[in-house]
Amino acid sequence: MEKKRTYNNKQVEKKWQERWLKGKIYSPNLSVPDKKFYNLYMFPYPSAEGLHAGHAFSSTGSDVYGRFQRMVGWNVFQPIGYDSFGIHSENYAIKVGETPQTMLKRTTNHYERQFKSLGHGYDWTRTVTTSDVDYYRWTQWLFVEMFKSDLAYRKKVEVNFCPSCKTVLADEQVMTPAQAMKEPKNFDGSPVAEPDNARICERCGTVVEKRDLEQWLFRITDYADRLLANLAKIDWPAKIKLAQKNWIGRKEGIEIKYPILNSQFSIAVWTSRPDTNFGATFIVISPEHPDALKLTNSDHRKEIEDYIKVSKNISKYQRIAEGREKTGAFTGSYAVNQLNGYKMPIFIADFVLMDVGTGAVVGVPGHDIRDFQFARKFKIEIKRVVIGTDGDESEIAEEAQVQEEEGKMVNSEFLNGLDIHRATVKMMDYLEDRGWGKRTTSYHLRDWLISRQRYWGPPIPMIYCEFCAKREISYFTKHKPLITNHHDDWSSFGWFPEENLPVELPVIQDYKPEGTGRGPLANHPEFYRTKCPHCGGEARRETDVSDTFLDSSWYFLRYPSVGLDVSHSESSDLRTSWPDRSLSSALQRHQTQITNHQSLPWSQEVTRNWLPVDLYFGGAEHSVLHLMYARFVTMVLKDLGYLSFEEPFPTFYAHGLLIKDGAKMSKSRGNVINPDHYIEKFGADALRLYLMFLGPMDAKSDFRDSGIEGMRKFLNRLWETFVNLPRTKHESVEVLSKLHKTVKKLTKDISEFKYNTSIAAIMELVNSIRNAGRVSGATLNVLALLVAPFAPHLAEEVWVEVLNKKYSVHKATWPSYDEKYLSTDSVLVAVQVNGKLRGQVAVKLDKAADESYVVALAKSDQKISNWLAKGKIKKQIYVPSKILNFVI
RNA sequence: GCCGGGGUGGCGGAAUCGGUAUACGCGCAGGACUUAAAAUCCUGUGGUCGAAUAGACCUUAUGGGUUCGAGUCCCAUCCCCGGCACCA
């Protein structure tokens with residue numbers, strides 16, 4: 001009797017992990033551009049001691065795909081790194097009472113050990129850590145390029161400020177409690193007034209405040225149209241594209257100027273619905289509107305001033321909260337609707353926001369719910385100018401009668417009878433012809449706020465010289481902007497980029513934020529004191545650091561070039577990749593410099609061969625943050641001539657969320673899963689299989705401890721199958737057929753990320769083999785390959801040790817669907833179900849048998865009887881459809 | 001409110017083109033092995049009625065429709081999840 005070998009998962013997994021690393025199995029030669037597959041997993045930010053189960057879930061999903069691609073013949077490059085700069089890591093360092101440097105040294109080691117213990121096929125010779133000076137000098141370089149392109153500028157802006165994190169947040173980082181999945185809390189501990197409408201810090205859940213601060217911004221809005229248009233070209237989940245589309249929020253409209261009665265002034269409003277303008281009966285402007293007081297009559301001054309004062313103390317988010325009673329105050333002046341001479345009273349009301357449109361709204365109460373509510377309250381005339389689909393022509397007295405969507409124009413002179421969409425176009429033409437309005441497009445997207453008043457980030461590499469500022473000298477005095485030319489809409493005087501990068505982040509002890517509106521570096525003269533690059537006089541470095549999302553906006557460009565000495569010139573010519581449109585001379589000079597080059601953050605050759613990313617695998621929570629910023633940065637780099645493509649991730653797959661026992665994992669629930677525990681107890685293969693078996697990759701998956709036991713059992717049975725099941729030369733028909741089907745199913749399912757059904761199919765196959773009680777070596781070969789993406793350690797062990805192969809299973813070729821098992825007969829059968837004739841089935845066996853049976857639709861049993869009588873049906877048998885394929 | 005995606009056993013979830021609904025796994029029940037337990041293996045397992053491993057009826061959120069045939073297609077209703085939202 002053969003001696004039973006039992007499966008020691010711990011020993012096997014450790015052995016192969018070491019061998020893979022030593023043999024550099026997963027470190028491809030990137031100078032081979034053929035059949036390249038850049039498989040990218042969204043790198044984690046270290047804000048805890050190590051990985052949580054969500055990382056294990058999503059990274060395994062990415063790894064399975066990478067391993068599969070490798071087996072079907074692609075040269076797969078699968079890197080990993082750490083998004084270690086930024087607020088998440090800094091907050092964690094503060095929490096554990098360490099410097100970020102100390103904390104990261106420990107935790108990134110832990111992350112690395114965990115990633116390795118999961119058995120992922122990462123290229124450990126090419127990793128990226130965004131807080132390494134080798135990396136962030138290039139993040140700073142990117143900032144400088146932005147500045148030189150005139151895409152970076154300073155502006156005093158009303159910013160979101162988190163009093164707990166003591167920093168400014170981008171709009172995208174401010175969320176509702178539901179979005180952030182956090183309980184809202186006030187900084188001072190007081191109860192949150194309207195928790196559902198609160199806007200909180202994405203990171204800590206504190207209700208954000210509004211502050212006016214001078215900040216650096218990137219002109220992402222200049223790229224709004226391109227970001228929108230390109231969505232059609234990329235293969236991303238529809239919901240992510242939709243989120244980006246909504247976030248960009250492009251709307252065609254028109255800016256209309258209304259003269260003010262008895263005054264030389266006019267008021268500009270923006271509207272997307274000029275068609276209803278004959279029904280306009282009032283104007284509302286925002287309390288922050290610069291002309292608010294100018295438009296106010298002396299006898300209304302007191303009232304208006306009081307109103308503005310009160311509205312200042314209400315947060316923006318409360319102001320626009322739905323269902324809130326309208327408030328407002330009359331300025332005493334009127335604007336004239338030149339279409340019909342109507343005198344429209346001008347009000348100030350807080351529901352109008354200064355940063356939307358022109359900060360002024362024309363009120364059409366008959367056809368806008370919000371305007372209707374306002375008109376009701378202030379007893380303003382309500383005119384009907386549209387008859388909706390309900391045909392109602394009566395006076396509009398109820399909110400339900402307010403028709404916003406569809407209809408035909410009435411009471412609108414030259415528009416009468418037109419459908420509202422055609423009327424809109426006609427009205428725009430009319431207004432433009434007379435010079436009363438101008439078509440403009442409005443966007444929801446705002447410029448990207450880059451500055452952070454924090455310590456743990458790349459110092460913004462800019463220098464401010466007061467002396468030069470006074471003399472109105474700046475970088476742009478000598479240099480032309482490379483891309484756009486906005487520098488005259490902000491004062492760039494005194495600002496110069498640091499050419500000698502990196503600007504190193506000093507190691508300081510007092511790195512915690514103070515909430516003063518300035519970063520901790522502002523307390524360190526040894527950092528900020530410097531010389532002006534222009535006049536050589538005393539100057540001051542910028543002490544803000546850049547947003548974390550700048551670090552992660554380009555990391556995928558870095559990976560393939562890690563370890564290459566790219567600071568020497570590569571004689572490659574980028575000219576072919578230059579944009580066709582006419583270039584400014586400044587940009588042309590710049591591109592000549594690139595070609596001749598100087599240093600770059602990446603090798604041009606490797607980048608040309610390996611980018612863009614072939615599959616980007618990550619979470620949907622970055623829909624409008626990282627995924628938008630990375631696209632923007634890539635477009636800019638393309639325009640500057642550094643890259644030949646403008647979409648970094650042509651294919652993106654968004655994985656779902658991992659929950660535990662039906663609830664979201666959280667520390668307060670005490671249901672956070674540490675993958676280490678499960679790897680220790682069940683092994684990495686069991687954990688991988690279980691995580692992938694839970695459910696569809698893109699849905700919420702529910703982790704239950706009892707389930708993983710089953711996977712361990714399955715792995716043992718699998719091992720038994722390889723080692724102890726009696727061998728045979730002739731495989732049974734059942735097993736062959738099943739094997740056949742499984743190969744086919746997996747090939748399709750894995751490429752569509754249907755991992756759970758893939759694993760189920762493998763289990764079925766194994767059950768079928770074990771029921772047969774014997775197995776052929778050929779079948780085992782195929783089985784090992786099928787299992788390999790999911791349970792790489794076990795697959796490797798049986799491949800090399802049991803099946804005596806000389807090379808790694810991951811270098812083996814994925815099995816193909818072999819047609820030779822198929823018969824060439826063809827029969828036409830009638831199917832009986834439960835003794836009743838249920839239809840005629842033509843079963844063709846000449847080609848792929850198990851997919852090509854065709855159900856011929858018989859209109860009735862009578863018809864089948866007829867067919868039978870006429871001999872059209874050659875054979876009538878009872879066929880349980882489950883075994884239909886075998887009967888064939 | 002608008003725009004997406006869903007609703008299938010005790011649970012996670014399967015089901016190409018409309019063709020025996022509930023694959024695979026968990027759980028549960030019974031059995032084998034064992035002094036016993038664990039582990040392992042075998043059998044059963046949608047519901048109701050039924051002594052039944054006889055048989056019948058019902059069953060994919062609810063109600064209707066198309067079809068020889070509907071989880072799947074169409075209409076209506078209810079519920080859940082995600083995105084957007086006084087955006088002019």
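Just so we're on the same page: letters track the sequence lines, and every chain starts at 1. The shown structure was predicted, so the numbers you read here are calculated from the model rather than taken from an experiment.
Of the candidates B/rC86, B/rA23, B/rC3, B/rC86 carries the atom nearest the A/Gln373 side chain, counting heavy atoms from C-beta on. For A/Glu764, the listed nucleotide lying nearest its side chain is B/rC24; candidates were B/rG83, B/rC87, B/rC24. For A/Phe351, the listed nucleotide lying nearest its side chain is B/rC86; candidates were B/rC86, B/rG83, B/rA23. Nearest nucleotide to the side chain of A/Ala760, out of B/rU16, B/rC24, B/rG83: B/rC24.
Partners of A/Ser758 by side-chain hydrogen bond (donor to acceptor under 3.5 Å, both in side chains), not counting sequence neighbours: none found. Applying the salt bridge (Lys or Arg N to Asp or Glu O under 4.0 Å) test to A/Glu381 and every residue at least two apart in sequence or in another chain returns nothing. A/Asn9 meets the side chain to side chain contact (heavy atoms under 4.5 Å, CB included) test with A/Tyr7, A/Glu13; sequence neighbours excluded. Under the side-chain hydrogen bond (donor to acceptor under 3.5 Å, both in side chains) criterion, A/Thr441 pairs with no residue at all, not counting sequence neighbours. Applying the salt bridge (Lys or Arg N to Asp or Glu O under 4.0 Å) rule to A/Arg439 yields the partners A/Asp429, A/Glu432; only residues at least two apart in sequence or on another chain are considered. Take A/Asp291 and apply the side chain to side chain contact (heavy atoms under 4.5 Å, CB included) test, not counting sequence neighbours, and it matches A/His289, A/Lys294, A/Leu295. For A/Lys241, there are no salt bridge (Lys or Arg N to Asp or Glu O under 4.0 Å) partners, not counting sequence neighbours. Applying the side chain to side chain contact (heavy atoms under 4.5 Å, CB included) criterion to A/Asp698, with sequence neighbours excluded, gives A/Tyr653, A/Pro696. Under the side chain to side chain contact (heavy atoms under 4.5 Å, CB included) criterion, A/Ala423 pairs with A/Asp275, A/Met409, A/Leu415, A/Leu418, not counting sequence neighbours.
Across the C1' atoms, B/rC24 and B/rC74 are found 33 Å apart, a figure rounded to whole Å. Across B/rA23 and B/rG18, the matching P atoms stand 23 Å from one another, rounded to whole Å. B/rU20 sits 40 Å from B/rG83 when the C1' atoms are compared, rounded to a whole Å. Here the separation of B/rA61 from B/rG71, taken at their C1' atoms, is 12 Å to the nearest Å. Across B/rG46 and B/rA15, the matching C1' atoms stand 16 Å from one another, rounded to whole Å. B/rU67 and B/rG12 have their P atoms separated by 36 Å, with the value rounded to a whole Å. The gap from the C1' atom of B/rA70 to that of B/rU60 amounts to 11 Å, rounded to the nearest Å. When the C1' atom is compared between B/rU62 and B/rC80, the two are found 15 Å apart, to the nearest whole Å.
By the rule that a glycosidic angle within 90° of 0 means syn, B/rG9 counts as syn. Shown here, B/rC17 is classed syn by the O4'-C1'-N9-C4 or O4'-C1'-N1-C2 angle, which is within 90° of 0.
The interatomic distance linking A/Met711 (CE) with B/rC26 (C1') rounds to 10 Å, in whole Å. For A/Leu746 and B/rU16, the CG to C1' distance is 15 Å, given to the nearest whole Å. Nucleotide B/rC24 holds its P atom 15 Å from the CD1 atom of A/Ile769, rounded to whole Å. Between the OH atom of A/Tyr690 and the P atom of B/rG27 there is a distance of 10 Å, rounded to whole Å. Remark: P of B/rG25 and CG of A/Leu687 are 19 Å apart, rounded to the nearest angstrom. Rounded to a whole Å, the NZ atom of A/Lys239 is 15 Å from the P atom of B/rC81. Between A/Ile762 atom CD1 and B/rG25 atom P there is a gap of 12 Å when expressed in whole angstrom units. In this structure, the CZ atom of A/Arg273 is 14 Å from the C1' atom of B/rC87, given to the nearest Å.
At least one donor-acceptor pair closer than 3.5 Å links the side chain of A/Tyr755 to the backbone N or O of A/Gly61.
Side-chain atoms of A/Pro237 and A/Phe652, non-hydrogen and from C-beta on, do get closer than 4.5 Å to each other. Counting only heavy atoms from C-beta outward, the side chains of A/Lys257 and A/Val269 never approach each other to under 4.5 Å.
Listed by first residue number, the stems of RNA chain B with at least three Watson-Crick or G-U pairs below 3.5 Å are B:1-7 with B:78-84, B:10-12 with B:24-26, B:27-32 with B:40-45, B:46-49 with B:55-58, B:61-65 with B:73-77.
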Under 3.5 Å, which N/O atoms of the protein pair with N/O atoms of nucleotides 13-15 of chain B?
from: B/rG13; atom 1: OP1; to: A/Lys700; atom 2: O; distance (Å): 3.3
from: B/rG13; atom 1: O3'; to: A/Asn756; atom 2: ND2; distance (Å): 3.4
from: B/rA14; atom 1: OP1; to: A/Asn756; atom 2: ND2; distance (Å): 3.2

What protein N or O atoms touch nucleotides 40-45 of chain B N or O atoms at under 3.5 angstrom, if any, and at what distances?
none

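Each of A/Trp270 and A/Asn767 lies near RNA chain B, and the nucleotide nearest A/Asn767 is the one positioned closer to the 5' end.
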Report task. Tell me, with the steps shown, if A/Phe278 and A/Tyr342 meet ring-ring contact (aromatic ring centres under 6.0 Å, His included). Result -> CA-CA 9 Å; A/Phe278 279 101; A/Tyr342 193 93; over 10 Å; no
